[in-house]
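Working notes, structure below.
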Amino acid sequence: MGGVGEPGPREGPAQPGAPLPIFCWGQIRAHDQPGDKWLVIERRVYDISRWEQRHPGGSRLIGHHGAEDATDAFRVFHQDLNFVRKFLQPLLIGELAPEEPSQDGPLNVQLVEDFRALHQAAEDMKLFDASPTFFAFLLGHILAMEVLAWLLIYLLGPGWVPSTLAAFILAISQAQSWCLQHDLGHASVFKKSRWNHVAQKFVMGQLKGFSAHWWNFRHFQHHAKPNIFHKDPDVTVAPFFLLGESSIEYGKKKRRYLPYNHQHLYFFLIGPPMLILVNFEVENLAYMLVCMQWADLLWAASFYARFFLSYLPFYGVPGVLLFFVAVRVLESHWFVWITQINHIPKEIGHEKHRDWVSSQLVATCNVEPSLFIDWFSGHLDFQIEHHLFPRMPRHNYSRVAPLVKSLCAKHGLSYEVKPFLTALVDIVRSLKKSGDIWLDTYLHQ
């Protein structure tokens with residue numbers, strides 16, 4: 001190994017009992033390439049190059065933290081830190097030099113310390129403990145809606161009125177299933193990770209027809225690097241839509257694949273109606289086949305078998321296909337508007353290597369809560385709290401929110417809360433603003 005500040009050959013695992021080699025950020029920064037990844041957790045340096053493909057959350061999730069301090073991400077994503085540290089030990093190759101800061105780049109040391117104290121306070125307040133009654137009610141009301149929709153068609157027949165009403169009920173059921181599987185994916189329901197994973201497979205597969213692995217693969221990236229191009233799949237939507245910094249980039253390079261100055265209009269045609277029906281269905285199936293997730297494929301097949309066998313006797317093949325499409329389109333509208341009101345209007349761009357708290361706050365905002373909005377959005381009206389504490393059961397967001405507000409006020413950070421309708425309109429405003437920036441840059445630079 002070279003001295004501190006001098007790049008050296010690839011290190012092997014640290015030998016038990018031997019002094020740990022020390023590294024500076026200059027050395028670590030060089031190891032952020034495909035097949036060559038280092039990261040820092042609690043000032044210790046780990047070589048994850050050969051292990052990242054085995055990472056349970058996916059290679060991209062852990063790889064996005066290459067050459068960075070991943071301490072806070074490590075702590076907020078994992079339930080049992082002592083258990084996970086056993087897997088880290090064989091990857092340990094050294095530690096940061098004493099004079100090196102804990103994070104490479106801009107770092108508000110006091111903010112980091114205050115957030116970690118807040119996280120500990122939330123644990124002491126038992127805010128990471130789930131209410132079995134709350135989540136049992138969620139599952140129960142989802143199943144009740146599934147039964148109610150079928151009974152409407154069974155008792156009233158497949159006419160336009162009962163079919164329309166049944167489609168809306170099923171869309172709401174599907175929306176609430178998204179929320180429940182989201183809770184399970186974040187391991188915020190059961191104390192044991194395995195129980196969360198098994199339950200998520202049931203909800204995502206049998207109740208929705210999607211792969212739990214596929215969802216976690218893309219969603220965990222979003223949480224690790226929200227609104228960061230090529231790291232957050234939710235904002236890597238060019239060339240169909242231009243968001244944030246991509247508007248200027250496309251304008252300077254004279255790229256015009258679509259009339260982006262009108263993207264706030266064609267958004268209504270290809271955004272909310274088509275996301276789940278087309279993009280998610282295709283992406284989900286491709287993921288299961290390419291990644292050979294055969295168990296997830298069987299779970300998804302069980303959903304389609306149940307749905308079509310339940311409604312085929314009433315509608316026939318063409319009718320049941322139309323009914324399915326109607327449910328998916330309605331569900332897709334809910335998904336796009338509810339999941340994007342907190343993100344699209346915020347900062348979107350390339351990696352800035354901020355600390356955990358700052359990176360989450362610049363990419364998220366809240367919506368004014370109410371009992372209806374809490375239920376309708378799956379508590380994503382508390383998006384800030386959800387992003388800072390992804391494992392926290394959502395029924396506790398309102399309890400931790402005052403503490404988060406105090407943290408933001410102390411450090412002069414924006415804690416943005418909008419009325420629900422304003423948040424919806426801001427999606428369209430943001431798309432129009434990005435399109436106008438693209439057009440101006442395209443014409444004048």
Assert yes or no for the condition that the ring centre distance of [X] to [Y] is strictly below 6.0 Å.
X    : Y    : value
F83  : H78  : no
H141 : F137 : yes
F389 : H119 : yes
H65  : H353 : no
W215 : F210 : no

Return the set of residues passing salt bridge (charged side-chain N to carboxylate O under 4.0 Å, His left out) with D72 (not counting sequence neighbours), or none when no residue passes.
-> R116

What is the distance from atom [atom1] of [X] to atom [atom2] of [Y], rounded to the nearest 0.5 Å?
X    : Y    : atom1 : atom2 : value
D374 : C179 : CG    : SG    : 11.0 Å
W294 : S211 : CH2   : OG    : 11.5 Å
S246 : H350 : OG    : NE2   : 8.0 Å
L61  : N216 : CG    : CG    : 10.0 Å

Please name the pair of heavy atoms, one in L258 and one in W438, separated by the smallest distance, quoted to 0.1 Å.
-> O-CH2, 4.3 Å

Residues [X] and [Y] bridged, charged N to O under 4.0 Å:
X    : Y    : result
K37  : D32  : yes
R218 : E283 : yes
E249 : K254 : no
R429 : D426 : yes
K418 : E368 : no
K405 : E385 : no
E52  : R60  : no
E331 : K208 : yes
K225 : E68  : yes

Working for side-chain hydrogen bond (donor to acceptor under 3.5 Å, both in side chains), residues Q79 and R391 = CA-CA 8 Å; Q79 281 183 304; R391 289 189 298 104; over 6 Å; no

Describe, in one word, how the ring planes of [X] and [Y] are oriented to each other, choosing from parallel (under 30°), tilted (30 to 60°) and perpendicular (over 60°).
X    : Y    : value
F303 : F324 : tilted
F220 : H186 : tilted
Y311 : Y315 : tilted
H386 : Y397 : tilted
Y154 : F314 : perpendicular

Within a reach of under 6.0 Å around OH of Y304, are more than 12 heavy atoms found that belong to other residues, nucleotides or ligands?
-> yes

